[in-house]
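Encoded as structure tokens, the structure appears first; notes follow it.
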There are 2 protein chains.
Amino acid sequence: MRSSDNPSRKATSFDVARQAGVSRATVSRTFTPNASVSPETREKVHKAAKELGYRVNYLARSLINRRSDLVGIVVAGMDNPFRAQQVHEIAKALVSRNFRPILLPADQGESADHVMDQLLHYNVSGVLVTSDAPPTELCREFAVHGIPIVLINKGDPIPLVDRVISDNATAGRVAAETLVECGAKQLAVLSASHVSYAARHREAAFVARGMDLGCAPRVVPVLINDYQNGLAAGRDLDGIDGLFCINDYMACGVIDALRTKPQDPKNRIRLIGHDDIGQAAWQAYGLTTFRQPCDIQASQAIDLLISRMADPELEERTVLTPVTLVRRVTA
Amino acid sequence: MRSSDNPSRKATSFDVARQAGVSRATVSRTFTPNASVSPETREKVHKAAKELGYRVNYLARSLINRRSDLVGIVVAGMDNPFRAQQVHEIAKALVSRNFRPILLPADQGESADHVMDQLLHYNVSGVLVTSDAPPTELCREFAVHGIPIVLINKGDPIPLVDRVISDNATAGRVAAETLVECGAKQLAVLSASHVSYAARHREAAFVARGMDLGCAPRVVPVLINDYQNGLAAGRDLDGIDGLFCINDYMACGVIDALRTKPQDPKNRIRLIGHDDIGQAAWQAYGLTTFRQPCDIQASQAIDLLISRMADPELEERTVLTPVTLVRRVTA
DNA sequence: CTGTTAGCGCATTCAG
DNA sequence: CTGAATGCGCTAACAG
């Protein structure tokens with residue numbers, strides 16, 4: 001008396017096998033890619049399966065495969081529209097490749113550890129991290145367990161951990177050049193560089209190029225790269241006519257601050273952001289900004305994941321994704 | 001020769017048992033809530049576990065429990081900031097209660113079916129749906145399989161399917177009253193009511209109350225409740241001095257349209273939105289709107305899930321969450 | 001191509 | 001309180 005006695009319970013391969021008059025192994029083969037089953041039996045099995053509403057239990061399967069098609073997405077700062085978009089693209093890409101994304105918000109510092117730790121219980125096939133502060137030690141632990149990790153736009157190199165990074169250097173450089181082209185002389189960059197790898201690098205490239213062009217940019221630090229900090233910083237801004245914001249989320253705040261501030265009409269401040277969030281294109285902002293191709297980043301991240309699943313010992317890799325300047329009205 | 005021969009592989013309860021000098025059953029009990037293990041042996045087991053980096057394999061566990069602590073989140077329209085926030089809150093709530101959210105974007109109509117179908121392979125403990133067009137038939141299938149579903153702000157009653165719904169009637173009513181209070185005489189409501197349950201109900205309540213107050217509202221239909229449609233509709237708006245937008249996402253578009261449109265300054269149009277997305281509070285908008293308590297909705301949805309897990313035969317329930325009017329500058 | 005056998009890692013009877 | 005045995009649902013090896 002195995003299963004099949006309780007009709008309300010989910011059908012198992014055993015039930016299907018009986019109904020189709022074959023063995024369980026054959027049922028299994030029928031639902032395994034690259035199987036080898038004769039067309040007729042496969043037909044029978046499919047028929048029986050449909051009648052019984054049978055579905056392969058992936059959990060049981062992964063017990064054998066030692067791998068679960070589950071992939072963790074660790075994310076912080078979902079209030080930033082760019083993050084939301086990123087998560088969306090990653091989830092879509094994952095699903096389209098037959099992975100199941102398990103979403104882990106990691107906002108409150110310590111929780112990231114706990115949450116990633118949980119993943120270890122699920123035999124995940126990999127982890128995608130787009131949180132600002134990647135917990136380096138945990139990354140190591142995953143690597144040790146042979147679980148692929150890829151960092152998106154974050155963090156310095158870690159052995160066995162791959163990264164997808166957008167071209168921050170180009171963004172910073174082009175931002176400086178564009179602002180100067182537009183006639184700006186007093187450059188500044190707004191960024192919370194201590195919390196974000198990307199911010200740090202964009203800022204550095206901007207400053208370097210600004211110097212080259214003969215206008216040493218001022219660095220205006222903020223606590224977090226968000227709207228509120230942008231707004232506050234925007235109010236205090238002075239003696240500046242060209243500003244690079246490390247991200248659009250903050251840039252929107254700056255624009256709102258400038259809007260209500262008396263400005264010299266002959267010397268409007270030129271502004272460039274980064275990310276091309278939806279709001280950047282809203283009429284109230286018309287923000288000139290760098291577009292990050294979320295969809296491409298997502299699919300490249302997954303490529304890295306897959307290739308490392310095949311060979312966990314691979315040396316860590318970094319792929320650079322291009323940014324493109326979207327010119328609107330602020331510069 | 002069971003496991004334990006390959007040191008690089010993950011430790012199993014077998015390994016821990018050996019190292020601690022106890023049986024596998026005891027190890028199991030040590031990591032099972034409400035176990036009954038003597039403090040000393042529990043201590044030994046924990047020590048061994050730590051040394052070996054042992055983690056319970058939840059996948060194997062769920063094979064026995066017939067349940068996996070995995071919960072699906074089905075979502076569409078993540079470009080709407082409100083949706084993003086909703087997903088974030090749900091994911092946080094889920095994780096804090098020791099569930100694992102698996103995120104399923106369901107944008108392209110048909111994909112919702114396919115994607116939900118996949119969930120059936122994972123023995124999920126439940127499904128939370130916040131997509132605009134809930135696939136009624138699939139809901140039924142889940143119900144049949146005894147998998148709890150809760151719809152958030154969506155859909156008409158389905159047997160065995162619970163719902164968390166924000167107080168759309170009050171929102172619609174208060175919107176009408178508030179606009180009139182502010183001196184509006186020509187009311188209108190902007191909504192794509194065919195795609196959204198919530199829109200339909202807010203619209204109806206608004207119209208009803210408007211009639212009561214002696215100003216029959218005009219209903220302006222749009223295709224989708226998004227920024228672009230708001231922008232377009234805003235441009236065409238005429239002969240209106242009080243507008244209720246079914247959601248903030250669209251309301252932002254309306255505001256942007258009105259901003260660039262010559263308006264009679266003595267008869268500015270009063271505007272009320274719904275959701276209180278982050279942008280509503282941005283200085284460029286200052287949108288008066290109804291706040292939906294995402295966090296409360298999330299936790300109530302999970303409560304429903306849990307109670308139905310305990311008793312799948314429960315009659316379907318509906319919980320109503322309150323909305324609160326946040327007054328800013330547009331009304 | 002198909003059936004048989006032997007586990008994947010764990011929790012749960014049932015004895016002791 | 002603890003250990004031995006059984007099986008959750010499935011697939012990988014090996015015959016045939």
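First the proteins, then the strands, lettered A, B, ... as listed; each starts at 1. Keep in mind it's a predicted model, so treat the numbers as computed, not measured.
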Is [X] near enough to [N] that one of its side-chain N or O atoms lies under 4.0 angstrom from OP1 or OP2?
X	N	answer
B:Ser28	C:dA11	yes
B:Tyr54	C:dC10	yes
A:Arg66	C:dG9	yes

Report task. Under 4.0 Å between any heavy atoms, over every strand shown, what does A:Val56 touch: base, sugar-phosphate, or nothing? Just pick one. Result ->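 If one applies the 4.0 Å heavy-atom cut-off, A:Val56 turns out to touch the sugar-phosphate alone, with no base involved.
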Query raised in the report: At under 4.0 Å between heavy atoms, what does A:Arg67 touch on the DNA or RNA strands: base, sugar-phosphate, or nothing?
Result: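 No contact.
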Nearest whole angstrom, please: distance from the [atom2] of [N] to the [atom1] of [X].
X	N	atom1	atom2	value
B:Phe14	D:dA4	CZ	P	11 Å
A:Asn57	D:dG9	CG	C1'	6 Å
A:Glu43	C:dC1	CD	C1'	17 Å
A:Arg61	D:dA12	CZ	P	8 Å
A:His121	C:dC8	NE2	P	21 Å
B:Arg55	C:dC10	CZ	C1'	17 Å
A:Ile64	C:dC8	CD1	P	10 Å
A:Asn65	C:dG7	CG	P	18 Å

Query raised in the report: Considering residues at least two apart in sequence or located in another chain, which fulfil the side chain to side chain donor-acceptor pair (under 3.5 Å) criterion with B:Ser307?
Result: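 B:Arg317.
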Please list, for nucleotides 1-3 of chain D, all pairs of protein and nucleotide N/O atoms separated by less than 3.5 Å.
residue	atom	partner	partner atom	Å
D:dT2	OP1	B:Ser38	OG	3.0
D:dT2	OP1	B:Thr41	OG1	3.0
D:dT2	OP2	B:Ser38	N	2.9
D:dT2	OP2	B:Thr41	OG1	3.3
D:dG3	OP2	B:Ser23	N	3.1
D:dG3	OP2	B:Ser23	OG	3.1
D:dG3	OP2	B:Thr26	OG1	2.6
D:dG3	N7	B:Arg29	NH2	3.4
D:dG3	O6	B:Arg29	NH2	2.6

Is the shortest side-chain N to carboxylate O distance from [X] to [Y] below 4.0 Å?
X	Y	value
B:Arg55	A:Asp117	yes
B:Lys10	B:Asp15	no
A:Arg163	A:Asp156	no
A:Glu51	A:Lys47	yes

**Report entry** ring-ring contact (aromatic ring centres under 6.0 Å, His included) pairs, two or more places apart, involving residues 49-79 of chain B
**Finding:**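 Applying ring-ring contact (aromatic ring centres under 6.0 Å, His included) to every pair that reaches into residues 49-79 of chain B, excluding sequence neighbours, yields A:His121-B:Tyr58, A:Tyr122-B:Tyr58, B:Phe31-B:Tyr54.
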Query raised in the report: Sub-3.5 Å donor-acceptor pair from the side chain of A:Ser62 to the main-chain atoms of A:Ser68, do we have one?
Result: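 No, A:Ser62 side chain to A:Ser68 backbone: no donor-acceptor pair under 3.5 Å.
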